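In this text, all values refer to a predicted model and were calculated from it rather than measured experimentally. Keep in mind that the numbers below use all heavy atoms, side chains included, and drop hydrogens, waters and symmetry copies. This chain uses plain numbering: 1 for the first residue, then up along the sequence.
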Amino acid sequence: MFHQAGLIALALLPLSLAQVSEGFEGGWDQTAWGTYAPDCSQGGKVTLDSTTAHSGKNSIRVDGAGGYCGHIFFGTKKIPTGDVYVRTFLKASKALTDSHVSFITMPDSAQGAKKHLRIGGQSKILMFNRESDDATLPDLSPVGISASTALPTGSWQCFEYRLGTDGSVETWLNDKAIAGLTAKAGVANSNAAQWQRSSLKPKVTAIYFGWESYGGDTNTFWYDDIVVSSTRVGCTTS
């Protein structure tokens with residue numbers, strides 16, 4: 001019922017605002033939400049799961065294997081023009097470690113062919129990573145690390161972010177802004193010195209949810225009630 005209410009609410013918005021809203025209560029439409037594993041795929045898998053959900057009965061489960069080729073994602077190529085807002089409820093089975101991992105990856109034409117803007121973790125905290133120059137947001141210094149936060153495990157978390165056309169990045173966890181994952185155009189940020197060395201403005205062409213490890217880390221993530229929009233929706237809309 002929550003999923004249907006969310007769809008109805010979004011359907012009432014102008015088409016320029018309501019882009020994608022999916023709670024998987026009708027199953028997993030693999031045409032609209034295809035899998036993604038660039039270059040190689042060994043061991044990772046994506047399945048529809050009816051044993052846990054943020055709302056309703058279904059979610060998408062991603063079992064990520066260790067190493068780069070153990071990566072697997074699912075997602076959408078329906079991206080709004082202008083600012084891009086993404087909201088997903090997610091649940092992780094294991095805590096982020098010191099190793100570099102991603103749980104959201106986005107092909108980014110601003111960086112060049114086969115380059116991605118990635119969201120994941122390192123040093124036990126949430127971070128952005130730009131593949132073309134390996135810059136991180138925040139800087140992985142003691143101060144930068146303290147400006148981010150760990151990702152809680154074993155329960156549903158509301159994760160949301162904005163990619164601005166001016167190059168700005170904003171991020172929220174359970175509606176609370178994460179200072180270390182915020183970088184605004186033209187505003188100096190001591191936690192984002194590495195990130196702001198580049199003038200690149202992200203231009204993502206798809207958004208994929210899943211798991212990618214650059215060491216041996218494995219994990220299981222669940223995703224539900226995903227919204228991709230040109231305006232922020234927050235955590236209250238299913």
Side-chain angles (χ1 to χ4, degrees), residues 35-46 61-75 86 88 90-108 110-154 157 159-161 163 169-173 178-183 189-198 200 202 204 206-223:
T35 57
Y36 182 68
D39 302 323
C40 56
S41 181
Q42 298 173 357
K45 62 180 181 179
V46 180
R61 171 174 172 158
V62 176
D63 292 285
Y68 176 75
C69 286
H71 63 185
I72 190 70
F73 296 88
F74 74 98
V86 179
T88 182
L90 55 81
K91 181 167 70 170
S93 64
K94 297 179 184 179
L96 300 173
T97 71
D98 287 327
S99 296
H100 183 194
V101 300
S102 297
F103 57 82
I104 296 175
T105 193
M106 296 163 281
D108 183 4
Q111 296 186 57
K114 297 185 178 181
K115 298 299 182 183
H116 298 78
L117 178 61
R118 305 182 287 207
I119 304 173
Q122 193 170 343
S123 300
K124 301 183 178 67
I125 52 96
L126 292 166
M127 72 167 192
F128 278 77
N129 174 251
R130 192 167 53 219
E131 186 176 5
S132 59
D133 60 359
D134 205 31
T136 64
L137 179 67
D139 293 338
L140 295 180
S141 65
V143 175
I145 289 169
S146 68
S148 184
T149 186
L151 179 65
T153 61
Q157 309 295 317
F159 183 78
E160 188 174 15
Y161 62 96
L163 305 176
V169 175
E170 293 182 270
T171 313
W172 302 265
L173 183 64
I178 305 175
L181 274 67
T182 299
N189 183 342
S190 60
N191 299 317
Q194 186 183 96
W195 192 262
Q196 293 183 329
R197 280 201 298 264
S198 171
L200 281 174
V204 300
I207 298 168
Y208 295 108
F209 307 85
W211 178 256
E212 186 167 88
S213 170
Y214 313 103
D217 286 16
T218 64
N219 214 327
T220 298
F221 269 65
W222 289 264
Y223 299 88

- Message: Please check: side-chain N/O of Asn189 versus main-chain N/O of Thr182, any donor-acceptor pairing under 3.5 Å?
- Response: yes

- Message: Looking at every non-hydrogen atom in both residues, tell me the closest pair between Leu126 and Ser148 and how far apart they are.
- Response: O-OG, 2.6 Å

- Message: Treating Glu131 as the side-chain partner and Arg118 as the backbone partner, does any N or O pair qualify as donor plus acceptor under 3.5 Å?
- Response: no

- Message: Are the side chains of Asp63 and Lys45 in contact, using a 4.5 Å heavy-atom criterion?
- Response: yes

- Query: Could you walk me through whether Leu163 and Leu117 pass the side-chain contact (heavy atoms from CB on, under 4.5 Å) check?
  - Reply: CA-CA 10 Å; Leu163 305 176; Leu117 178 61; 3.9 Å; yes

- Criterion side-chain contact (heavy atoms from CB on, under 4.5 Å) against Tyr161, the qualifying member of Leu173, Leu181, Ile104, Ile178: Ile104

- Determine whether the side chains of Asn129 and Thr136 contain a donor N or O and an acceptor N or O closer than 3.5 Å. no

- Message: side-chain contact (heavy atoms from CB on, under 4.5 Å) for His116 and Glu212? Distances and angles first, verdict last.
- Response: CA-CA 12 Å; His116 298 78; Glu212 186 167 88; over 6 Å; no

- Among Thr218, Asn219, Thr153, which one satisfies side chain to side chain donor-acceptor pair (under 3.5 Å) with Lys94? Thr218

- Query: Trp195 vs Phe128 aromatic rings, parallel, tilted or perpendicular, using cut-offs 30° and 60°?
  - Reply: perpendicular

- Message: Using 30° and 60° as the class boundaries, would you call the ring planes of Phe103 and Phe159 parallel, tilted or perpendicular?
- Response: perpendicular

- Could you please spell out the steps behind the side-chain contact (heavy atoms from CB on, under 4.5 Å) verdict for Phe221 and Leu151? CA-CA 12 Å; Phe221 269 65; Leu151 179 65; 3.9 Å; yes

